[in-house]
Amino acid sequence: MNRTLVLVAALVAVLLVGAAGGMLISTARTTDDTPPNAASIDVGFAQDMRVHHLQAVTMAGIERDNTSDPILQGFAFDVESTQLAQSSEMAGWLTVWGQPQLPDAGAPHMQWMSEGGTHTHSNGEGGKTTGSVQRMPGMATSEELDKLRKLTGKELDVFFLQLMLRHHEGGLEMAEYAAEHGAKGYVRNLADKIVQSQENEANLMKSYLAERGAQPLPSP
Amino acid sequence: MASGTKSKGANKPRGKSNSANKARRSVVGSARKPKPWGMIIGMIAIIALAGGVFTYAFMEIDAKEKWVVSEENKDPSENIAGVVREDYEAGQHVSGEQRVAYDQSPAFGGPHDNAWAECNGTVYPNPVRTENMVHALEHGSVWIAYNPDQVKGKDLDTLKAKVEGQPYMLMSPYPGLDKPISLQSWGHQLKLTSANDERVDQFIKSLRQNNYQNPEPGGRCDAQGTGFDVTNPPPYVAEPPAKDDPNTVTMDGKGATDASAEEQGGAQTPPASGAENPPATGAGTPPPSQ
């Protein structure tokens, strides 16, 4: 009896010490540090959305420098700054995850969205294709960017709004998918904020176009 | 003698009967029972040590994570007594001529001016138009408003030291403020009486550039080129906007340059009270891409 008691007590003590040691270690690291792999939604989203965001930064920079409309200048500055900062946040994730900052040049985009288009679209664009594409939805062509660079005045403003509206709407699908299926909470959070804020900005641009008597480009 | 040195019987001469021997041994045996005191004390010491480590670890985790924004702790300001929270729709813009009928004073969310007030550690000497300040909140900054009649001298310096040179911080006097100090971040407000209240720092720590609480992560604080002149900012107007003024925008965004109320998605929290409400400046063109 005595021996059993001692053994049990010793066992309990050893377990307690072990657990306590474990807790000490866990104070240093409390979250799951496993980085997403190259084929994951998180990596695919971060890389593709960086490409998408960085083109928005380019377009917004052209408008900010060349427009004479103070409201649109401020709006373009807002878009440029925010998307550059978000792109940098995603670049930070990719660095920590040990993944390339950008997808392979020339490789198809959106391969990470391969779960078969079961997700729904809150923006009413249901039925869009998922799976890999050569050009992401909403991306402007080089010709369109050249044209944007050459325009001035109201023509510039309208074309900028048209391109940027199509760009915002095109990026929604990726952001919605990552907001729903991303593995990391911070990835889902940023994707969700992109959905929310870009939907708001898209509505704003529709109003700006309407004010100028112009129509949006066809949906991406 | 192998054992029983403490037993008086051990000193007795041998040759006693077997039964007496057995009895003596049993006496010796029972006398040995309280013997492992050292071991028991050792056990207690180990358990106490383990308990101490447990407590220490818990306290460490608590102190470390209490104010740190993370997936598990998206709003650390929940640990602060007195914080008021509201859900606001982001991204509704008004022009410089328009005014918003805010539901709070000072406001901490809702429709706001196209241009944000500069929020790069900016200490405004004079009261600034609220519509611009609210846009700065949307970008993730914390706004310290103070009653200029109540907060002066040393207290004012204490607050300024938390703002000057600090990105995503801004500060301005707010005449008529019902408490000496009011802290704002998007959707959060804390009114305080003392500049030395520890909750000032806790609020800033919890909410400044909190990507879970702020609607536009990465929003910028520099304001050049936005139409907002930091050297000559639009002034604060104490009078609430007149309800029947066409330039008054209500909290649901009625009259704001935004068609977000047309959005049929379920993600927005406020009721779509303006569902049939075209933007004031636009012709109400339906969103053609849908």
Side-chain angles (χ1 to χ4, degrees), chain A residues 2 6 9-10 12-14 16-17 19-21 23-24 26-27 30-31 64 70-71 73-75 77-78 81-89 122-125 165-166 169 184-186 189-190 192-193 195-197 199-204 206-211 213 215-216 218-220, chain B residues 33 36 39-40 43 46-47 49-54 56-58 60-61 64-65 70-72 74 89-93 95 114-116 139 211-212 214-220 222 224-228 257-260 262-268 279 281-285 287-290:
Chain A
N2 197 11
V6 169
V12 168
V14 166
L16 266 178
V17 170
M23 291 210 61
L24 265 187
S26 74
T27 55
T30 56
T31 48
R64 178 168 74 106
I71 296 287
Q73 191 177 36
F75 173 74
F77 184 51
D78 200 353
S81 302
T82 303
Q83 298 214 10
L84 187 58
Q86 290 175 350
S87 161
S88 305
E89 183 180 354
S122 68
N123 62 349
E125 290 176 12
L165 175 58
R166 189 184 68 182
E169 289 178 336
K184 297 286 185 193
Y186 50 86
N189 178 63
L190 183 67
D192 181 56
K193 299 286 167 145
V195 172
Q196 302 297 325
S197 60
E199 277 180 352
N200 287 333
E201 282 177 359
N203 287 320
L204 203 55
K206 286 175 193 166
S207 317
Y208 289 150
L209 279 173
E211 281 171 29
Q215 293 296 316
S219 267
Chain B
K33 261 196 178 168
M39 187 178 281
I40 290 169
M43 293 287 182
I46 286 171
I47 291 168
L49 183 75
V53 170
F54 264 116
Y56 172 76
F58 272 124
E60 273 295 286
I61 289 170
K64 234 184 202 171
E65 297 185 349
S70 69
E71 198 187 338
E72 293 79 29
K74 291 177 180 168
E89 170 129 9
Q92 296 174 318
H93 287 188
S95 68
N114 294 301
W116 56 94
H139 285 202
N211 282 357
Y212 293 95
N214 299 311
E216 210 180 293
R220 192 153 173 177
D222 300 302
Q224 75 275 12
T226 64
F228 181 90
T257 314
D258 186 341
S260 63
E262 293 169 16
E263 204 64 27
Q264 73 274 47
Q268 275 98 6
T281 39
T285 315
S289 67
Q290 297 185 9

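To find a chain, count down the sequence lines: A is the first, B the second, and so on, and within it residues start at 1. Computation of the quantities below employed the complete heavy-atom set of this structure, encompassing side-chain atoms and omitting hydrogens, waters and symmetry-equivalent molecules. Values in this document were obtained by computation on a predicted structure and should not be read as measured data.
- A salt bridge links A:E169 to A:K206: one of the charged nitrogens lies within less than 4.0 Å of a carboxylate oxygen.
- There is a side-chain donor-acceptor pair under 3.5 Å between A:T82 and B:E216.
- Of all the listed residues (B:G51, B:P215, B:S95, B:A115), the one sharing the greatest number of non-hydrogen pairs under 4.5 Å with chain A is B:P215.
- Shown here are the salt bridge (Lys or Arg N to Asp or Glu O under 4.0 Å) partners of B:E71, two or more places apart in sequence or in another chain: A:R188.
- B:W116 places a side-chain N or O within donor-acceptor distance of the main-chain N or O of B:R220, the cut-off being under 3.5 Å.
- The most heavy-atom pairs under 4.5 Å with chain B, out of A:L165, A:I71, A:D78, come from A:D78.
- The backbone N or O of B:P217 lies less than 3.5 Å from a partner atom in the side chain of A:Q86, making a donor-acceptor pair.
- In terms of heavy-atom pairs under 4.5 angstrom with chain A, the leader among B:M39, B:Q224, B:M43 is B:M43.
- With hydrogens and angles left out, the side-chain atoms of A:S207 and A:N203 include no donor and acceptor closer than 3.5 Å.
- Contact of A:F75 with chain B is not made at all, since no heavy-atom distance falls under 4.5 Å.
- Heavy-atom pairs under 4.5 Å with chain A peak, among B:I47, B:L49, B:N114, at B:N114.
- Heavy atoms closer than 4.5 Å to chain A are found in both the backbone and the side chain of B:N211.
- For a residue to count as touching a neighbouring chain, one of its non-hydrogen atoms must lie under 4.5 Å from one of that chain's; by this rule A:Q73 touches chain B with backbone and side chain alike.
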